[in-house]
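Per chain, numbering begins at 1; letters A, B, ... match sequence-line order.
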There are 2 protein chains.
Amino acid sequence: MLHNAVMSNLMAQGMTTSSYAVLALLDLKPWTGYELTQQAQRSLRYAWPKSERLLYSEPKKLVELGYAKTHKELSGNRSRNVYEITPEGREALAKWTSTRTQPPRIEVEALLRLLFADHGSSEDLFRSLDELEEDINEHHQAIVELMASYLGGGHPFPQRTHLSVLFATFQIDIFKTIERWIEFARDEIAEWPTTQDLGMTPRTETITRLLANDQTPLNK
Amino acid sequence: MLHNAVMSNLMAQGMTTSSYAVLALLDLKPWTGYELTQQAQRSLRYAWPKSERLLYSEPKKLVELGYAKTHKELSGNRSRNVYEITPEGREALAKWTSTRTQPPRIEVEALLRLLFADHGSSEDLFRSLDELEEDINEHHQAIVELMASYLGGGHPFPQRTHLSVLFATFQIDIFKTIERWIEFARDEIAEWPTTQDLGMTPRTETITRLLANDQTPLNK
DNA sequence: TACACTATGCTGCACAATGCAGTAATGTCA
DNA sequence: TGACATTACTGCATTGTGCAGCATAGTGTA
């Protein structure tokens, strides 16, 4: 066991952005582990997608660090862990806001497949774009429906609606951009006789010239 | 040691998307480990951002699986590992193209901070947006310059220019969208008297209504 | 009423991936 | 000749994922 003085020096240890995300949820109200995983997957998915497994582990770490406390609740023969933020936790959260924001990270396997499309068929490439579209459409539709529910007063924390809506604006704009790009890409690829060795075609040169002047070939 | 027959059943084991990304690079030409990390970080960063550490490990795994072979090259007192794809590697790559494309994954810490901006100051929120803008601007500028270099014949694999340029169209479109959203968000937040408890203001309701109809409040 | 199926509510384990420190040789400029 | 950047990696601790497993509670249905 360590002295308190030593402990406080180690406090920041092990606190990842994911830890702060969970801590921020606990700042809203106490949650059970299960609720935390569900809530984090629904509301944070688009800003900070993390696995259920991690979301079960984070609150335990917060308790170890003294940023949360926990107790077991019983309903019948079954128990669940309830987590609650501590004053130290609130302090840690406040300090976090003044640290440097991590750069964004965008992983799109469909783009990787596009980059290496020349050792596959056009069909494979089209299918990959279809799959990307499918995934984006799903998220897009979900967030549009969420906004409709907010209009009916469906926000779980009504006083925080202004934040959620500004956040949703980002999502919808990104999704629309990706959907428009997919259509554009399909039209381009449809003109290709093959995926291989086309190089700098006249059409590609036109696009390159636009991009080099920081313009986009996408209509609207 | 396992029999060949058993080995081949285990072949797919341990092959991640990152493994296929490196294998696809090896399909273009043989590289040294160091070149592979540099090339992957420069060209794949925006589709599949992976650490240098991983990019050193992947080719070793490919050799173990029989998808690549390696030899040491000496220049003076110093050696480096050269990796080359095998026929089995090419086969594995071909099979990969017919598998399901992974859904995209977008991590933006600045959005997480926006979502929880109500336990911080407006200044913190503005700073977070500035930091996001800084990161995006950097990437945006880099890719515009890359396109200019392609016009001068600077593509390392000229016959693949059509793929790189279609890929770059995606990047530039996304970057422009994010930059426009940041400006929009700044204007909105500037109108807020505080970050807390504003809830469904008339302005927020207008935006929510637009989003629920799958429209965007962003001009242009 | 028995049965299946879904939702709740987790934990353990193997493995994927990151970040950082460390090591060592070569090239470059002042 | 000395400092510093670049080339060329490896080891290790820690973060994060995916899957399997386990147990209870509720819900529909034949």
How many whole angstroms separate atom [atom1] of [X] from atom [atom2] of [N]?
X       : N      : atom1 : atom2 : value
A/Glu73 : D/dT24 : CD    : C1'   : 16 Å
B/Met15 : D/dG18 : CE    : C1'   : 19 Å
B/Tyr34 : D/dA5  : OH    : P     : 14 Å
A/Arg78 : D/dA23 : CZ    : P     : 14 Å
B/Lys72 : D/dT7  : NZ    : C1'   : 15 Å
B/Asn81 : D/dT7  : CG    : C1'   : 13 Å

Heavy-atom contact window of chain B on DNA chain C, given 5' to 3' at under 4.0 Å: C/dA16 to C/dT26
For A/Leu125, is there any backbone N or O sitting under 3.5 Å from a side-chain donor or acceptor partner on A/Ser128?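 Checking the backbone N and O of A/Leu125 against the side chain of A/Ser128, no donor-acceptor pair under 3.5 Å is found.
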Full working for side chain to side chain donor-acceptor pair (under 3.5 Å) between A/Ser18 and A/Glu58: CA-CA 8 Å; A/Ser18 304; A/Glu58 287 298 348; 4.9 Å; no
Presence of salt bridge, [Y] and [X], under 4.0 angstrom:
X        : Y        : result
A/Arg105 : B/Asp135 : no
B/Asp173 : B/Lys176 : no
A/Glu123 : A/Arg127 : no
B/Glu73  : B/Arg78  : no

With salt bridge (charged side-chain N to carboxylate O under 4.0 Å, His left out) as the test, would you mind laying out the steps for A/Arg186 and A/Glu133 before giving the verdict? CA-CA 11 Å; A/Arg186 272 205 276 252; A/Glu133 192 179 40; 2.8 Å; yes
5'-most contact on DNA chain D: A/Ser19 or B/Ser79, nearest heavy atom basis?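 Its nearest nucleotide lies further toward 5', so the answer is B/Ser79.
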Of residues 91-116 of chain B, the positions that come close to DNA chain D - non-hydrogen atoms, cut-off under 4.0 Å: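 Under 4.0 Å from DNA chain D: B/Arg105.
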Residues of residues 46-61 of chain B with a heavy atom under 4.0 Å from any atom of DNA chain D, listed by number, are B/Arg53, B/Tyr56, B/Lys60
For the side chain to side chain donor-acceptor pair (under 3.5 Å) test, which of A/Arg90, A/Glu88, A/Glu84 pairs with A/Thr86?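 With A/Thr86 as partner, side chain to side chain donor-acceptor pair (under 3.5 Å) holds for just one option, A/Glu88.
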Closer than 4.0 Å, any side-chain N/O of A/Asn77 to the OP1 or OP2 of D/dA23? no
Please round to the nearest 0.5 Å and tell me the distance separating atom CD1 of B/Ile178 and atom CD1 of A/Ile174. 4.5 Å
Does atom NZ of A/Lys69 have more than 12 heavy-atom neighbours, drawn from other residues, nucleotides or ligands, at distances under 6.0 Å?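 Not buried by this count: 12 neighbours or fewer within 6.0 Å.
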Would A/Thr177 and B/Arg180 satisfy side chain to side chain donor-acceptor pair (under 3.5 Å), going step by step from the backbone distance to the final call? CA-CA 12 Å; A/Thr177 300; B/Arg180 272 188 289 114; 5.1 Å; no
